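The structure appears right after this line, and notes come after that.
When a residue number appears, it is its place in the shown sequence, counting from 1. Everything numeric in this text was worked out from a predicted model, so none of it was measured.
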Amino acid sequence: MSGRPPILFPLFAELETLEGVGPKVARNLGQMDVLRPRDLIFTLPHSGVDRQLVPSVQGLDLPRTASVEVLVGQHRAPSRRGGPYRVVVEDTQTSFQLVFFHAHPDYLQKQLPTGQRRVVSGKIELFDGVAQMTHPDHILRPEEAGEIPAFEPVYPLTSGVTQKLMFKAVRGALARAPELAEWSDPGLVVREGWPGWRAAMEAAHNPVGLKEISADSPTRRRLAYDELFAHQVTLALARRIERRGKGRSSVATGRLQGRVLEALPYRPTGAQERAIAEIAADMAGEKRMSRLLQGDVGAGKTLVAVMALLVAVEAGGQGVMMAPTEILARQHLDSIRPLAESAGVVLEVLTGRDKGAERRAKLEALAKGDIQILVGTHAVFQKDVEFHDLRLSIIDEQHRFGVAQRMELGAKGQSVDVLVMTATPIPRSLSLAQYGDMDLSILDEKPPGRTPVKTALVSSGRIEEVVEHLKRAVADGQQAYWVCPLVEESEVVDMTAAEERFRHLRAALGEGTVGLVHGQMAPAEKDAAMARFVAGETAVLVATTVIEVGVNVPNASIMVIEQAESFGLAQLHQLRGRVGRGSAASTCLLMYRGPLNEGARRRLEILRETEDGFRIAEEDLAMRGAGDLIGTAQSGLPKFRIADMERQAGLMQVAQQDARRLLDEDPELETPRGAAVRVLLWLMEQDKAIRLISVG
């Protein structure tokens with residue numbers, strides 16, 4: 001795909017080419033991420049001011065903004081230094097005053113010559129019973145009054161940029177917006193009653209009332225859709241390339257899976273059966289699988305993962321499961337092992353710890369195909385790791401793989417199917433934005449035998465009661481986590497807080513019953529402390545948040561979170577998910593320091609009300625917005641100027657379907673609509689997509 005189409009050149013010129021925009025203004029606009037005329041037209045007004053011409057200010061509901069034609073009367077200089085300069089004016093029914101501070105009398109005499117008519121527009125207020133307009137926004141001759149829009153759009157600003165300047169600059173940029181061929185599905189445009197792109201831009205910047213400024217107006221929806229659609233075309237292109245390496249059909253025989261199901265003490269949930277069937281169907285197909293398995297804490301992702309790995313083995317190949325850390329890789333190993341053994345499959349683990357002869361032996365067995373399922377950390381990525389016949393890679397998504405890493409993993413075996421698992425329920429709209437290139441399987445039921453976790457709020461003044469409660473529980477043979485808050489961003493401060501709490505609890509509960517893990521410890525120490533807790537040698541584990549990810553100790557039934565108000569919703573939900581894994585009734589105590597602000601109280605109450613991770617994620621999104629939810633920096637989430645992912649999830653879904661359908665029908669974007677979509681990708685600066693088409 002050659003460079004940017006010439007029709008878009010005017011929108012990508014320097015800002016200084018616009019009238020009234022010099023280097024200084026351009027620098028100021030840069031603070032709003034406005035670098036080109038294109039960015040100006042994508043900066044839509046966020047509200048508006050009614051400036052309709054009224055015959056008189058008499059009888060208006062003040063204060064309000066209005067435009068009125070007046071006869072200019074006498075000028076009154078200030079009576080004292082720094083006082084206001086006043087100009088008396090008369091409309092059709094009454095007289096009022098225009099007020100100026102720090103006035104330049106000569107300038108005002110020129111602007112408002114006594115005895116002449118002018119149109120003034122601004123905010124009219126009552127002051128000591130007299131109507132006045134301080135510093136009118138507009139002073140024009142009657143024949144120029146048409147320059148004032150009846151409803152004036154109000155733009156977001158930054159220091160050094162005024163409304164007037166912004167208005168003018170946007171108008172200059174709009175004049176350069178070309179007519180572009182329609183890139184959206186014609187049926188959709190008709191059904192939604194959308195204007196074309198250029199007409200929508202014109203209308204969005206010239207609203208005739210507040211209704212046009214709302215995100216639900218047809219013009220705004222159309223422009224939001226353009227952004228979402230461009231983003232989804234990019235993801236769909238990435239998906240085509242990921243899947244273009246011809247997949248290999250891995251057909252399950254069901255022999256090994258059957259053995260696992262027989263050995264299970266319970267039946268899989270409907271959601272698990274559905275996910276297993278979706279994955280098996282993908283693996284049997286000719287195209288490469290690229291699927292996301294989303295499951296809430298405790299929804300039983302492990303069983304689904306094992307069944308998927310067994311499909312690969314039944315088809316005569318190998319499967320690999322990757323975890324972000326050593327601890328988690330070993331945990332996966334422990335949870336998979338009994339299932340793999342019941343199927344009679346050879347399972348091995350490979351991490352950075354494997355050295356020398358032992359590592360060499362594992363690599364040989366892997367290359368010969370003697371190891372059927374490998375569990376590991378990113379060490380399985382290393383150059384010298386070769387598989388005999390790798391069919392499936394499962395990534396445990398704690399380390400937020402982007403599209404690029406997913407492609408890299410696929411390269412290990414040219415046609416490897418990829419399954420990404422995440423324990424963080426992500427609202428539908430966000431998962432479409434972040435993983436729109438993948439197909440989605442959702443586990444939204446809990447397996448039987450899981451006890452609900454009782455969640456209670458306790459003020460930190462009652463800490464001694466909590467310690468007493470803990471003492472009794474430990475005497476009964478229960479285990480507990482005690483999570484210390486992230487006080488500062490500094491690990492050292494966290495460490496001292498955790499160490500103090502550790503000493504306090506050890507004094508109360510006795511030597512040897514309390515363990516400690518924090519970010520400053522050496523990995524081996526951390527592992528050892530965790531291992532003692534997992535083995536039940538210590539009853540209470542004091543930790544900073546290193547435990548939130550994946551740790552599985554079925555006997556742990558109490559979770560105490562100190563200063564819970566300082567944690568995010570998703571994090572609290574993940575932490576709480578560490579208990580309630582066994583058969584004992586479990587509790588989660590959220591300790592807070594009062595008084596709570598509105599947001600913190602809301603977060604803690606939501607947790608007390610529900611254990612449904614998807615509902616919690618939706619609430620979290622509503623409270624925090626998309627960027628914070630995934631940590632924008634590493635999220636790979638697009639920054640939209642117009643679209644609102646939280647509120648327009650439905651549009652995002654339509655955009656995904658439309659993008660996939662378009663590429664199925666026109667993979668190289670060669671039809672007239674395909675050509676229009678290429679222009680859209682350039683307009684939306686989706687360079688990634690453009691590179692993908694050129695490799696495609």
Let me check something: any side-chain donor-acceptor pairs from residues 504-512 under 3.5 Å, sequence neighbours excluded? List them with distances.
from   : atom 1 : to     : atom 2 : distance (Å)
His504 : ND1    : Arg501 : NH1    : 2.7
His504 : NE2    : Glu464 : OE2    : 3.4

Looking at [Y], is its backbone amide N or carbonyl O close enough to the side chain of [X] to form a donor-acceptor pair, meaning the two atoms are under 3.5 Å apart?
X: Glu348; Y: Ile371; answer: no
X: Ser586; Y: Gly580; answer: yes
X: Arg576; Y: Met559; answer: no
X: Ser250; Y: Ala315; answer: no
X: Thr538; Y: Val540; answer: no
X: Gln272; Y: Gly300; answer: yes

Pair Lys362 + Asp354: basic N to acidic O under 4.0 Å: yes
message: I'd like to know if Arg291 and Glu278 make a salt bridge, using a cut-off of under 4.0 Å between side-chain N and carboxylate O.
response: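 A salt bridge links Arg291 with Glu278.
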Of the non-hydrogen atoms in [X] and [Y], which two are nearest, and what is the gap between them?
X: Gly295; Y: Lys301; result: O-NZ, 3.5 Å
X: His388; Y: Ala367; result: CB-O, 3.2 Å
X: Val517; Y: Met530; result: CG2-SD, 4.1 Å

query: Can you tell which of Leu293, Asp396, Ile395 makes a side chain to side chain contact (heavy atoms under 4.5 Å, CB included) with Val420?
result: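 Between Val420 and the candidates, side chain to side chain contact (heavy atoms under 4.5 Å, CB included) is satisfied uniquely by Ile395.
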- prompt: Just by distance, with hydrogens left out, do Asp389 and Gln318 show a side-chain donor and acceptor under 3.5 Å apart?
  reply: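 On atom types as modelled, these side chains do not qualify, holding no pair under 3.5 Å.
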